[in-house]
There are 2 protein chains.
Amino acid sequence: MARPGVELIRRQQLIDATLKIIEEYGFQGATIGKIAGASGLSVGIVSHYFGGKQGLLEATMRYLLSCLQQDVSTLMAGRPNTPRERLMAIVDANFSGVQTHAQSAKTWLAFWTQAMHSPDLMRLQRINERRLLSNLMSYLRQLMPADQVRPTAQTIAAMIDGFWLRAAMSEGRIEPGQAVALCKTYIDQAIQANNGAS
Amino acid sequence: MARPGVELIRRQQLIDATLKIIEEYGFQGATIGKIAGASGLSVGIVSHYFGGKQGLLEATMRYLLSCLQQDVSTLMAGRPNTPRERLMAIVDANFSGVQTHAQSAKTWLAFWTQAMHSPDLMRLQRINERRLLSNLMSYLRQLMPADQVRPTAQTIAAMIDGFWLRAAMSEGRIEPGQAVALCKTYIDQAIQANNGAS
DNA sequence: TTCATTTTGTTGAACGTGTATTCAATTTGA
DNA sequence: TCAAATTGAATACACGTTCAACAAAATGAA
């Protein structure tokens, strides 16, 4: 065991190759052979480090989710600590980094679809969903009546998902800036509409 | 040729079976064998009537889109002819009928994902997308400044897609009524926000 | 009506392709 | 020299397609 990090390196190589291949060929076309080829390793290595194809796919989704999580943390750090600014940071994070390119949107969509029929992936998906929702709600609570908080958060979450979908569909020429702007416009509208009495 | 409708009957049998199997097993698990079994017919019949699996899948998506189209027309017919009411009817239509059940949402998601890597399905998807958008825009144009029309329509479309996604995820207990209400709330907020000067 | 003939509709076993997995052999590095 | 790491050909399985054979229905002649 020369380098104790060999395993981590190999695992990341395979995850990177998996993302690349899914982007190019879709979930169906992502075979062990192609992934191994793209990673410069052999087909046998997959079973060795991940126990099989399913394990590799789950690890890849876990990786994507952790990237998203990190984007949120990073963008939060550099913003003023007002509820509105925090909400805007969440929106930015959800369209930044890994999420920016149409390719990534496609990959997310592929994983979502796969999650429908895989309890493990579904569980990961749900955790992520709950985190986004409770994040949004904690800031909205400071900006509007309590009974408006949950519906507004659900609407924002639906908008984010919806724009991702459209990004995945629009084949290359996606404009995350526009999606971000529209989400932000909605947030301001919602804040204003629920404070109109003041 | 006693019944000239035999072909239509068989085609619909196979399409119905395809929907059922995709709901249960997902796109990946939808094999010719399972579909044929569910329809009570043999595997050979698929190639006979649809030329192959791909043809059956395309016909099934075409059928789903036509159902949606019909829902829109039906709900339009029984509403007052004001722009706002028409917009609400579009929202209702997109969450009614076939779209109501979580199962259908799963099937839609499966087709969307598949469309990423199939030009034919992508074309169908685009046509549907454009129809929804231009529909929304034609009514929004009567309710707000011209430069707000397109962004607002895109936001509504994203919300509808987003709620579909969440419906697909929420495994059974979906509440289309809530999604409809939230979409309608947004529409009224948007109308109000863009006419505040009056 | 009855039976033969043709046309149409249907079957499912056989085939070929593609893929995940396995594991004995090989290489690598300390 | 040994143990860890890696290979990739061999294996087994699942799936879509094909097509020769079969069944059903329609036609037409007696």
Side-chain angles (χ1 to χ4, degrees), chain A residues 1-61 110-111 113-114 117-121, chain B residues 1-61 110-111 113-114 117-121:
Chain A
M1 222 195 292
R3 300 177 217 160
V6 164
E7 177 166 349
L8 288 180
I9 292 171
R10 294 285 174 269
R11 289 174 80 99
Q12 195 58 47
Q13 278 182 306
L14 288 168
I15 287 173
D16 289 341
T18 304
L19 288 173
K20 186 178 170 184
I21 294 297
I22 289 180
E23 282 170 12
E24 189 169 352
Y25 298 100
F27 214 91
Q28 308 226 30
T31 68
I32 295 287
K34 287 198 196 118
I35 291 170
S39 71
L41 300 168
S42 70
V43 298
I45 213 75
V46 172
S47 293
H48 186 248
Y49 282 122
F50 292 98
K53 189 185 183 184
Q54 188 64 18
L56 173 57
L57 293 175
E58 282 171 23
T60 304
M61 187 171 183
F111 274 110
T113 305
Q114 190 63 13
H117 302 278
S118 160
D120 288 325
L121 292 182
Chain B
M1 224 197 289
R3 303 177 218 157
V6 164
E7 178 167 348
L8 289 180
I9 292 172
R10 294 285 173 269
R11 290 174 79 99
Q12 194 58 46
Q13 276 182 306
L14 288 169
I15 288 173
D16 289 341
T18 304
L19 289 173
K20 185 177 170 184
I21 294 297
I22 290 180
E23 281 169 14
E24 190 169 352
Y25 297 99
F27 214 92
Q28 309 225 29
T31 67
I32 294 288
K34 287 198 196 118
I35 292 170
S39 72
L41 300 169
S42 69
V43 298
I45 213 75
V46 172
S47 293
H48 186 248
Y49 282 122
F50 292 98
K53 190 186 185 185
Q54 188 66 18
L56 173 57
L57 293 176
E58 281 171 25
T60 303
M61 187 170 183
F111 273 109
T113 306
Q114 190 62 14
H117 302 279
S118 160
D120 288 324
L121 291 183

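Chain letters run A, B, ... following the sequence lines, proteins first, then strands; residues in each count from 1.
A heavy atom lying under 4.0 Å from DNA chain D marks the following residues of residues 44-56 of chain A, by number: A/Gly44, A/Ile45, A/His48, A/Tyr49. Of the residues in residues 12-23 of chain A, not one places a heavy atom less than 4.0 Å from an atom of DNA chain C.
Following rounding to the nearest Å, A/Ile9 (CD1) and D/dA4 (P) show an atom-to-atom distance of 18 Å. The nearest whole Å value for the distance from the CD atom in B/Glu7 to the C1' atom in C/dT7 is 15 Å. In this structure, the CD atom of B/Gln28 is 16 Å from the C1' atom of D/dG16, given to the nearest Å. One interatomic measurement links the two molecules: CG of B/Leu41 to P of C/dT10, which rounds to 7 Å at whole-angstrom precision. Rounded to whole angstrom, the span from the CZ atom of A/Phe27 across to the P atom of C/dT19 amounts to 15 Å.
If you check D/dG8, C/dG12, C/dA20 against the side chain of B/Val43, the one that comes closest is C/dG12. The side chain of B/Arg10 approaches C/dT10 more closely than any other nucleotide in the set D/dT6, D/dT17, C/dT10.
Judged as a side-chain hydrogen bond (donor to acceptor under 3.5 Å, both in side chains), and not counting sequence neighbours, the contacts of B/Gln13 are B/Arg10. Checked against side-chain hydrogen bond (donor to acceptor under 3.5 Å, both in side chains), B/Thr18 has no partners two or more places apart in sequence or in another chain. Among residues two or more places apart in sequence or in another chain, the side-chain hydrogen bond (donor to acceptor under 3.5 Å, both in side chains) test is passed with A/Asp120 by none. By the side-chain hydrogen bond (donor to acceptor under 3.5 Å, both in side chains) test, B/Glu23 pairs with no residue at all, sequence neighbours left out. Applying the ring-ring contact (aromatic ring centres under 6.0 Å, His included) criterion to A/Phe50, with sequence neighbours excluded, gives no partner residue.
Within the structure, ring-ring contact (aromatic ring centres under 6.0 Å, His included) pairs that include any residue of residues 21-45 of chain A comprise A/Phe27-A/Phe111 (at least two apart or interchain). Sorted by first and then second residue, the pairs that involve residues 42-58 of chain B and meet salt bridge (charged side-chain N to carboxylate O under 4.0 Å, His left out), not counting sequence neighbours, are B/Glu58-B/Arg62.
A salt bridge does not link A/Glu24 with A/Lys20: every distance from a Lys NZ or Arg NE/NH1/NH2 to an Asp or Glu carboxylate oxygen is 4.0 Å or more.
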